[in-house]
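Presented below is the structure to which this report refers.
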2 protein chains.
Amino acid sequence: MIKERKNDKSTEQKILEAAKQVFMEKGIDGARMQDIADKAGINKALLHYYFRSKEKLFEMIFMEEARKFMPKVTSIMMSELTLFEKIEKFVGEYIDTLLQNPLLPIFILNEINRNPKDAIKKIFGNQRPPIDKVDELITKLVKKGEIKPIKGIELMVNMVSMCIFPFLARPMVQWITKATDEEFVKLMEMRKKTVVKFVLDSIKK
Amino acid sequence: MIKERKNDKSTEQKILEAAKQVFMEKGIDGARMQDIADKAGINKALLHYYFRSKEKLFEMIFMEEARKFMPKVTSIMMSELTLFEKIEKFVGEYIDTLLQNPLLPIFILNEINRNPKDAIKKIFGNQRPPIDKVDELITKLVKKGEIKPIKGIELMVNMVSMCIFPFLARPMVQWITKATDEEFVKLMEMRKKTVVKFVLDSIKK
DNA sequence: ACTCGGTTTAACCATTTGGTTAAACACAAA
DNA sequence: TTTGTGTTTAACCAAATGGTTAAACCGAGT
């Protein structure tokens, strides 16, 4: 062993976790380097020793989280599943991701609005999600008379909206429904089914 | 006339408009009083002469915008319209509101996450949206065999999600679809119909 | 002519904040 | 023992920022 003299987690890891928490809760402007240092259990000097600047640190965190935001849309859409199966898989996996990263949406969307070009590049690279493929799939099923026509983009936007929005508006949803944190989680678990049903009911003939 | 010696708009109005713009674009933490003063065409001294502090000014703006966020849900839901008509009216009016206030969602949701209790009180007062009424409406139509059962909260969350989310993720949507600003607006105009159809197709039997 | 409130100018202040520095320390590997 | 690296301490810095102050200005109503 070279590193890790005393602490279980490496210091770098502790910093990254602390930074992630603080940035997610307060945003880059609201976050304070001191808070991050405190939460990581170290001092500011060491924080800057590891990550030269706030920007750099934020960059790291954002890169790490950006990939989670638009999940394996492409891989799911390119798979051999039927459209119905793809919808089910997409919604299920996405809501699961969000249950494990509840603050991800507001974090990412803020950065997208602050800095669209860079943020989008970091999320998608240069590869746009394959909506054409969705359109093709839909066209086939429409011809077979199994579903009503709908634009791929509309279908995708609707699905993503229904998955993400409840997490963005979580405090509101919990207040309106008087739900505890556990109940909110249950609600989202349920939505893995209800959203799929909602979508399928809508497009099926 | 007592006021308005030289300027067309009253100074207070100019400040409020400038502050609204800056706060909406940058958030309370990212906003600079100097920017607001500049955008209003005045100086910092006068800005503080009108609004004592950044907090106070933000408060004003937030109060003004908060009401727009959750529109006349109650009044629409309480009206004499059928469920189908209510859905159509709700989606149509809401998307119209958002077209005129595109940054409203991210602005409000950020404050809700920063400061849930106060923000929610300012948005809703103490009156929770009447989901029971929605449930009642649904129950009736289910008994009449006109629609499939669905929880009121799920229906509402889905509708609101599909209305708001595209505005939250606007840069992403425009990048994916290669849409200009005008095309985005058109897309949203179209969604006034497609979202309604999507919802109705889903719940109708 | 005088007053009064909106307005500007410009200096000023205190605090926060990101970031730096230097010295001392601890500990593991060589 | 020496060396190197991670770590702390603590002082320090410069810039940004919210906010204040005082003096002068200006123009409309009295």
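Proteins get letters first, then strands, A, B, ... in listed order; numbering begins at 1 in each. Fair warning: this is a prediction, and the values are worked out from it, not measured in the lab.
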Can you tell me if Thr11(B) touches the phosphate of dT7(C), counting only side-chain N or O atoms and a distance under 4.0 Å to OP1 or OP2? yes
For Gln34(B) and Asp38(B), which I'm curious about, is there any donor-acceptor pair between the side chains at under 3.5 Å?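 Asp38(B) and Gln34(B) do have a side-chain donor-acceptor pair below 3.5 Å.
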Contacting residues from residues 28-38 of chain B, given that a heavy atom lies under 4.0 angstrom of DNA chain D: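 Ala31(B), Arg32(B), Met33(B) - these, ordered by number, are the residues of the stretch whose heavy atoms sit under 4.0 Å from the strand.
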Residues touching DNA chain C, which here means a heavy atom under 4.0 Å, drawn from residues 40-49 of chain B: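 Listed by number, they are Ile42(B), Asn43(B), Ala45(B), Leu46(B), Tyr49(B).
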Side-chain donor/acceptor of Asn113(B) to backbone N/O of Leu168(A), under 3.5 Å: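 Such a contact is found between Asn113(B) side chain and Leu168(A) backbone.
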To the nearest angstrom, how far is [X] atom [atom1] from [N] atom [atom2]?
X: Glu55(A); N: dG19(C); atom1: CD; atom2: C1'; result: 13 Å
X: Phe51(A); N: dG6(D); atom1: CZ; atom2: P; result: 13 Å
X: Lys56(A); N: dT20(C); atom1: NZ; atom2: P; result: 10 Å
X: Lys26(B); N: dT17(D); atom1: NZ; atom2: C1'; result: 14 Å
X: Lys54(B); N: dG19(D); atom1: NZ; atom2: P; result: 8 Å

With salt bridge (charged side-chain N to carboxylate O under 4.0 Å, His left out) as the test, pick out the partner of Glu189(B) among Lys193(B), Lys192(B), Lys186(B). Lys192(B)
Among Glu59(B), Glu111(B), Glu64(B), Glu65(B), find the one that has a salt bridge (charged side-chain N to carboxylate O under 4.0 Å, His left out) with Lys122(B).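 In the set Glu59(B), Glu111(B), Glu64(B), Glu65(B), the residue that makes a salt bridge (charged side-chain N to carboxylate O under 4.0 Å, His left out) with Lys122(B) is Glu59(B).
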Note: Lys54(B)-Asp29(B) ion pair, threshold 4.0 Å (strictly below): no
Just checking Tyr50(B): base, sugar-phosphate only, or nothing, at a heavy-atom cut-off of under 4.0 Å?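 Touches sugar-phosphate only.
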Can you name the residues that form a ring pair (Phe, Tyr, Trp, His ring centres under 6.0 Å) with Phe198(B), not counting sequence neighbours?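 Partners of Phe198(B) by the ring pair (Phe, Tyr, Trp, His ring centres under 6.0 Å) criterion come out as none, since no residue qualifies.
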Find the distance between CD1 (Ile108(B)) and CZ (Phe62(B)) and round it off to the nearest 0.5 Å. 4.5 Å
Quick one: are Arg191(A) and Val157(B) in side-chain contact, heavy atoms under 4.5 Å?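 A side-chain contact exists here, since the closest heavy-atom pair is under 4.5 Å.
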